[in-house]
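Both ligands and their constituent atoms are indexed starting at 1 by order of listing.
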Amino acid sequence: MKRSILWVFILMSLCVAGITVFQLYYSYKSYAVESAAFERNINEALNQAVDSTFKDRHNQVLKKLRGWLNDPEFITISCKWNEVQHLTVFNIKQVVPSADGQNDISMSIDYFTERADSLTPKARKIFIDHMIDYVGTELKKGFVWYYTQKLGDSINKAAFSEPQDINQIRRRYKQTLHTRGIDLPFLFDRNKLPENSITTKKVNIAVGRPQKEEWLQATFIDTNAFLMKQMRRLLAGSVGLFVILLLCFWYTAKTLLSQHKLNKMKDDFISNMTHEIHTPLSSILVTAEALKKFRHDEEAQQSYIDIILHQGQKLSALTEEILAGAKMEKAGMPLGDIIEVNAFIKNIIDNGHYKNIEYSGSGQSVSLKVNALHLANAVANLIDNAIKYNTADEPLVTIACTVSNKEVVISVTDNGPGIPDSEKERIFGQFYRIPSGNVHNIKGYGLGLSYVRKVVAAHKGVISVKDNVSSGSIFTIKLPL
Ligand code: ADP
C-alpha cells in the first residue's frame with residue numbers, strides 16, 4: 001500500500017477514535033447533568049409536597065379559629081377608645097372563665113387608627129382578620145401564643161396534637177413528582193435501603209417545626225434506567241452520528257483501496273499488453289525485413305508470409321477481445337436469436353477444434369432466446385480457459401447441459417490446477433489475473449471472465465465457480481428459461 005494512503009488511513013482512524021472518545025465523554029457529562037437535575041427535582045418536589053401538607057393543616061386550624069372567634073358562646077370581642085394612648089383597644093374574653101390561666105386579653109392593631117368606642121361590624125372583621133394573620137404566622141414558627149387559656153388550648157390541640165399524615169405526604173409527593181415528569185417508585189423507609197439508590201436531603205415533618213424535629217427522606221431505587229430514558233434522544237443521536245461516521249469511513253476506505261487496486265491492475269495490464277503486442281510486432285517486422293532484403297525460394301517466402309499472417313491474426317484477435325467488451329457496453333446486447341442449446345454447444349465445440357473434450361447433453365431439446373454471438377464467445381472463453389490453464393498430464397474438459405423447469409445449466413469442468421477460494425470472486429473482475437507464477441507463461445489480459453459475467457448478466461443469468469472433486473474447477477452458467 002502506498003505510504004500516502006497508509007497515512008490517510010492512520011489519520012482517519014485517529015479521527016474516528018478521537019470523535020468516539022469525545023462522544024463518550026460528552027454522553028458521560030450529559031449523564032452527570034441529567035443526574036444532578038434529577039436530584040434537584042426530587043429534593044424540590046419533596047419540600048414542595050411537605051410544605052403544601054403543612055399549609056393545608058394550618059388553613060384548617062385557622063378556619064377553626066375563625067369559627068371560635070365568631071362563636072359568642074366561646075369568645076366575646078369588645079373595644080373602646082383609650083384617651084391616653086389615642087388608639088382603639090380590643091379585648092377578647094372567654095365566656096366560660098378558666099380556674100387558672102388567662103381569661104381575657106386586650107390589644108391594639110397598628111394599622112387600625114380609627115376611633116371605635118364600641119365594636120362595629122367593620123372593626124370586628126378587621127380584628128378577626130388580624131388575629132387569623134397573626135396566628136397563621138405563629139403556626140409557621142411552630143408555636144402559638146395563649147391569648148386566653150381556652151383559645152390557646154384549642155389552637156394548640158388543633159395544630160400540634162396529631163402528627164403529620166405520612167400517607168398524605170406520600171400522595172402529594174407522587175403528584176408533585178408527576179408534574180415534574182418523574183413517575184418512579186420511592187421509599188420513605190430508611191431501614192431497608194437497596195444499593196444504587198438515590199436519597200433526598202432530610203425534610204422536617206414535625207408538627208411543631210422548626211421548634212421540633214422529625215426527619216423524612218425519600219429514596220429512589222435503580223434510577224439508571226430512568227436517566228437513560230431521559231437521555232434516549234441524545235443517545236440515539238450520538239449512536240446515529242457514530243454509525244454515519246463509520247459508514248463514511250468504511251466507504252472512503254473502500255474507495256481508496258479499490259482506486260489503489262485499480263491503479264495496480266492498470267499497470268499490470270499495460271505491462272502485460274506491451275509484452276503481448278511487442279512480440280508479434282517484432283516478429284512481423286523482422287520477417288518483413290527478411291523478405292525485403294534477401295531473395296528466397298517460393299516455399300521460404302510462403303512460410304515467411306504465413307508467420308506475418310499468423311502474428312497479424314494474433315494482434316487482430318487481441319484488439320478484438322479488448323474491443324468486444326467496450327462494444328458490448330456501448331451497444332448493449334439484444335437477445336434476438338432463438339437457439340437449441342445442445343446444438344448450440346456442439347457447434348461451439350466443433351468450431352473450436354478442441355481436443356479431449358466430452359459433452360454430455362440435456363437429453364431433451366431446449367430452446368432459448370439469446371444473443372448467439374456473445375453467448376458463444378462466453379462459452380468458448382470458459383472452454384479456452386479450461387484448456388489453457390490445465391497442467392494435468394491427461395487434460396480432460398467436460399461440458400454438460402442440464403435443464404430444469406426454471407433454468408438451463410451449462411457447466412464447464414476441468415481437471416486443471418483449480419482456483420483458490422480467496423480468488424473465486426476476484427477472477428470475474430476486469431483485468432484480474434491470479435498473480436501466482438509468471439503471468440506471461442499463459443497468455444491473457446484478465447478480460448475473459450469479466451466479459452463472460454457481463455454476457456451472462458445480460459441474459460439475466462448467473463455464473464459461479466466451484467472446485468472439481470478430484471482437482472480442477474467447475475464453471476457453471478445458469479440461464480433462466
Ligand atoms: P485471462 O485472459 O488471464 O485468462 P480471465 O478473466 O479469463 O483472464 O481469467 C482470470 C484468471 O482466472 C486467470 O488469470 C486464471 O488465473 C484464472 N482462471 C480462469 N479460468 C481458469 C481455470 N479453468 N483453471 C484455473 N484458473 C483459471
Side-chain angles (χ1 to χ4, degrees), residues 261-262 264-280 313-329 345 348-349 352 354-359 374-400 409-458 461-477:
K261 214 170 97 189
L262 221 69
K264 202 173 161 293
M265 268 159 49
K266 187 195 72 190
D267 293 346
D268 286 354
F269 175 70
I270 289 173
S271 93
N272 214 6
M273 282 287 281
T274 319
H275 178 88
E276 296 301 326
I277 294 171
H278 192 70
T279 318
Q313 271 159 2
K314 256 175 100 180
L315 273 178
S316 157
L318 166 60
T319 46
E320 264 308 305
E321 190 171 342
I322 297 167
L323 285 176
K327 258 194 215 157
M328 188 183 78
E329 268 173 23
I345 299 174
I348 298 171
I349 299 171
Y354 298 114
K355 284 174 207 145
N356 297 328
I357 284 214
E358 279 176 13
Y359 177 63
H374 285 294
L375 190 61
N377 280 345
V379 176
N381 242 312
L382 292 184
I383 304 175
D384 285 341
N385 278 352
I387 297 167
K388 191 161 79 166
Y389 293 105
N390 207 327
T391 46
D393 293 337
E394 286 175 30
L396 183 66
V397 176
T398 316
I399 302 169
V409 182
I410 302 168
S411 61
V412 178
T413 308
D414 65 63
N415 60 345
I419 293 161
D421 284 345
S422 57
E423 303 286 353
K424 281 198 172 82
E425 182 52 41
R426 292 188 192 166
I427 50 171
F428 295 102
Q430 221 169 4
F431 303 132
Y432 190 80
R433 305 200 75 205
I434 297 179
S436 59
N438 181 358
V439 280
H440 301 310
N441 239 358
I442 301 163
K443 311 274 180 260
Y445 318 103
L447 285 170
L449 288 179
S450 88
Y451 168 74
V452 176
R453 183 152 76 172
K454 276 182 203 152
V455 172
V456 173
V462 282
I463 178 158
S464 58
V465 62
K466 60 181 182 187
D467 293 333
N468 193 6
V469 177
S470 50
S471 74
S473 29
I474 306 175
F475 283 83
T476 312
I477 294 177

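Looking at every heavy atom in both residues, Val452 comes nearest to Ala378 through CG2-O, 3.7 Å.
Atoms CD1 and CD1, on Ile383 and Ile357 in that order, are 5.0 Å from each other to the nearest 0.5 Å.
Among protein residues, Asn385, Ala386, Lys388, Tyr389, Asp414, Gly418, Ile419, Ile427, Tyr432, Arg433, Ile434, Gly444, Tyr445, Gly446, Leu447, Gly448, Leu449, Ser473, Phe475 come within 4.0 Å of ligand 1, judged on heavy atoms.
Checked options Leu382, Ile349, Val412, Asp384; the residue passing with Val397 is Val412 (criterion: side-chain contact (heavy atoms from CB on, under 4.5 Å)).
Between Tyr451 and Asn377, the side chains place a donor N or O and an acceptor N or O closer than 3.5 Å (distance only, hydrogens not considered).
A donor-acceptor pair under 3.5 Å is absent between the side-chain atoms of Asn468 and the main chain of Asn415, judged by distance alone. The backbone N or O of Lys466 lies less than 3.5 Å from no partner atom in the side chain of Lys424, so there is not a single donor-acceptor pair.
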